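Encoded as structure tokens, the structure appears first; notes follow it.
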Amino acid sequence: MKIASWNVNSIKVRLPHVLDWLQAQQPDVLCLQELKCETSAFPWEAVERAGYHACVSGQKAYNGVALISKYPGLDPVVGLSDFVDSQQRAIAATFGAVRVLSVYCPNGESLTSDKYTYKLRWFEALWQELQRIQKDSQRIVVAGDFNIAPEDRDVYDPQAWRGEVLCSEPERATFRRLLDLGFKDSFRLFEQAPQRYSWWHYRANAFKRNMGLRIDHLLLSSALAPACRTSEIDIQPRALERPSDHAPVWLDLVGLENPGLDSVPGPASSPNS
DNA sequence: ATGTCTCCTAAGAGGAGA
């Protein structure tokens with residue numbers, strides 16, 4: 001089961017890239033962020049023609065998230081429980097045995113901004129939500145633009161970014177608190193080449209110079225982590241004409257190809273688990 | 001280095017957000 005996430009920075013502008021990527025990569029579920037369009041303006045027909053279903057929570061001009069998938073998402077939920085928010089930043093649905101969340105976490109702007117306070121409040125609500133849904137499902141994927149680079153190795157110039165928004169210690173502590181619920185950063189389950197990033201500024205040829213940050217993540221609940229065989233960043237679409245500033249990230253889970261399957265293989269050392 | 005991109009409003013640039 002292949003699950004991916006991509007901040008597309010306008011689905012209207014990036015639709016050709018998304019359709020090409022779906023065709024080439026064939027993910028079972030693609031989580032989208034920053035649609036920047038109302039739900040009614042989502043390209044439903046094009047996505048359907050590509051063979052995909054969609055759960056969409058759009059908004060005019062800013063934000064907006066979606067789950068597009070080869071089979072319909074069940075029990076869709078928009079937003080975070082007990083957190084009143086006019087900004088459309090979260091949507092969840094169930095695919096086979098897996099609950100998938102597509103999240104567009106707030107950017108924060110700067111440490112002295114009201115948006116930074118909102119960012120930390122939003123993450124507190126996400127933590128509460130994940131703690132809550134862990135009671136209903138042991139198999140959870142949290143996919144999206146977290147707007148947090150978890151460690152210095154996720155930043156091209158850690159000295160320059162020290163303490164800045166996306167890298168500040170309160171934000172990193174917030175990210176670690178999500179992991180403390182039992183979630184794994186799937187990218188770090190595997191040995192990775194150095195300097196792998198998911199976002200590069202549009203300015204100053206940042207992509208060509210690989211001046212990037214790894215801020216897009218695929219978190220796996222502890223029950224799902226043993227099923228993960230691959231977690232990658234596909235930087236190819238970032239090199240296209242009119243790219244999003246983010247690259248798609250994706251992972252592969254084994255033993256979950258059949259959406260109805262309810263067993264997950266354990267580690268190789270415990271064949272009977 | 002105020003660099004680039006996308007959206008909005010509103011009638012032509014300018015601001016918000018990232």
Side-chain angles (χ1 to χ4, degrees), chain A residues 5-21 31-43 46-47 56-66 79 85-91 102-123 126 143-150 154-168 170-172 174-175 197-217 233-249:
Chain A
S5 177
W6 197 358
N7 178 324
V8 290
N9 186 18
S10 166
I11 188 61
K12 182 183 173 188
V13 175
R14 233 64 67 189
L15 182 62
H17 291 15
V18 170
L19 294 176
D20 287 350
W21 200 80
C31 304
L32 297 175
Q33 301 89 35
E34 280 209 87
L35 301 176
K36 294 188 170 178
C37 75
E38 292 180 275
T39 301
S40 59
F42 185 82
V47 166
V56 180
S57 178
Q59 174 185 341
K60 190 176 183 178
Y62 301 120
N63 309 308
V65 286
D85 193 356
S86 61
Q87 304 186 29
Q88 304 307 306
R89 295 184 175 276
I91 190 166
S102 176
V103 294
Y104 174 47
C105 311
N107 171 285
E109 190 181 34
S110 72
L111 270 63
T112 53
S113 171
D114 290 345
K115 299 191 188 77
Y116 185 81
T117 313
Y118 164 73
K119 180 177 193 170
L120 298 183
R121 281 179 44 239
W122 190 92
F123 270 106
L126 177 63
D145 175 3
F146 284 71
N147 270 313
I148 298 175
D154 301 310
V155 182
Y156 72 94
D157 186 347
Q159 301 306 328
W161 281 82
R162 178 135 300 142
E164 295 294 319
V165 74
L166 312 186
C167 300
S168 74
E171 291 169 274
R172 288 180 169 177
T174 294
F175 188 82
Y197 309 123
S198 69
W199 172 84
W200 302 258
H201 209 289
Y202 280 123
R203 294 180 294 203
N205 279 318
F207 178 67
K208 280 182 185 168
R209 299 155 72 187
N210 198 27
M211 298 166 64
L213 274 62
R214 193 175 70 91
I215 58 175
D216 298 86
H217 307 298
I233 303 168
D234 182 4
I235 67 168
Q236 304 277 86
R238 186 62 177 79
L240 298 172
E241 291 294 314
R242 284 196 95 182
S244 168
D245 43 351
H246 295 253
V249 296

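Since the structure is predicted, the reported quantities are computational estimates derived from the model, not experimental observations. In what follows, chains are A, B, ... by sequence order, proteins preceding strands, each numbered from 1.
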Side chain of [X], backbone of [Y]: donor and acceptor closer than 3.5 Å?
{"X": "A/His217", "Y": "A/Pro150", "result": "no"}
{"X": "A/Arg172", "Y": "A/Ala149", "result": "yes"}
{"X": "A/Gln88", "Y": "A/Ser86", "result": "yes"}
{"X": "A/Trp6", "Y": "A/His246", "result": "yes"}

For [X], enumerate each residue passing the side-chain contact (heavy atoms from CB on, under 4.5 Å) test, keeping only those at least two apart in sequence or located in another chain.
{"X": "A/Thr117", "value": "none"}
{"X": "A/Asp114", "value": "none"}
{"X": "A/Gln159", "value": "A/Asp157, A/Arg162"}
{"X": "A/Asp20", "value": "none"}

A/Arg14 side-chain N/O to B/dT6 phosphate OP1/OP2 under 4.0 Å: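 For B/dT6, OP1 or OP2 has a side-chain N or O of A/Arg14 closer than 4.0 Å.
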In whole angstrom, what separates [X]'s [atom1] from [N]'s [atom2]?
{"X": "A/Leu240", "N": "B/dC5", "atom1": "CG", "atom2": "P", "answer": "14 Å"}
{"X": "A/Trp199", "N": "B/dA18", "atom1": "CH2", "atom2": "C1'", "answer": "8 Å"}
{"X": "A/Asn7", "N": "B/dT6", "atom1": "CG", "atom2": "C1'", "answer": "12 Å"}
{"X": "A/His17", "N": "B/dT6", "atom1": "NE2", "atom2": "P", "answer": "9 Å"}
{"X": "A/Trp122", "N": "B/dA18", "atom1": "CH2", "atom2": "P", "answer": "13 Å"}
{"X": "A/His201", "N": "B/dT2", "atom1": "NE2", "atom2": "P", "answer": "12 Å"}
{"X": "A/Arg203", "N": "B/dG17", "atom1": "CZ", "atom2": "P", "answer": "16 Å"}
{"X": "A/Gln59", "N": "B/dT6", "atom1": "CD", "atom2": "C1'", "answer": "14 Å"}

Nearest-angstrom distance, [atom1] atom, [N] to [M]:
{"N": "B/dA18", "M": "B/dT2", "atom1": "C1'", "answer": "14 Å"}
{"N": "B/dA10", "M": "B/dA16", "atom1": "C1'", "answer": "16 Å"}
{"N": "B/dG3", "M": "B/dC8", "atom1": "C1'", "answer": "22 Å"}

Residue whose closest nucleotide on DNA chain B lies nearer the 5' end, A/Tyr202 versus A/Arg209: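 With A/Tyr202 and A/Arg209 compared, the 5'-side residue is A/Arg209.
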Residue A/Ala204, side-chain atoms from C-beta onward, closest of B/dG3, B/dT4, B/dA18: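 My answer, after comparing the listed nucleotides, is B/dG3.
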Stretch residues 104-114 of chain A: residues that reach within less than 4.0 Å of DNA chain B through a heavy atom: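 Residues of residues 104-114 of chain A under 4.0 Å from DNA chain B: A/Tyr104, A/Asn107.
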Taking N or O atoms only and anything under 3.5 Å, show me the protein contacts with nucleotides 7-10 of chain B, one pair per line.
from  : atom 1 : to      : atom 2 : distance (Å)
B/dC7 : OP1    : A/Ser10 : OG     : 2.6
B/dT9 : OP1    : A/Lys60 : NZ     : 3.3

Inter-residue atom distance A/Ile11.CD1 - A/Gln33.CD, 0.5 Å rounding: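 Reported value, rounded in 0.5 Å steps: 11.0 Å.
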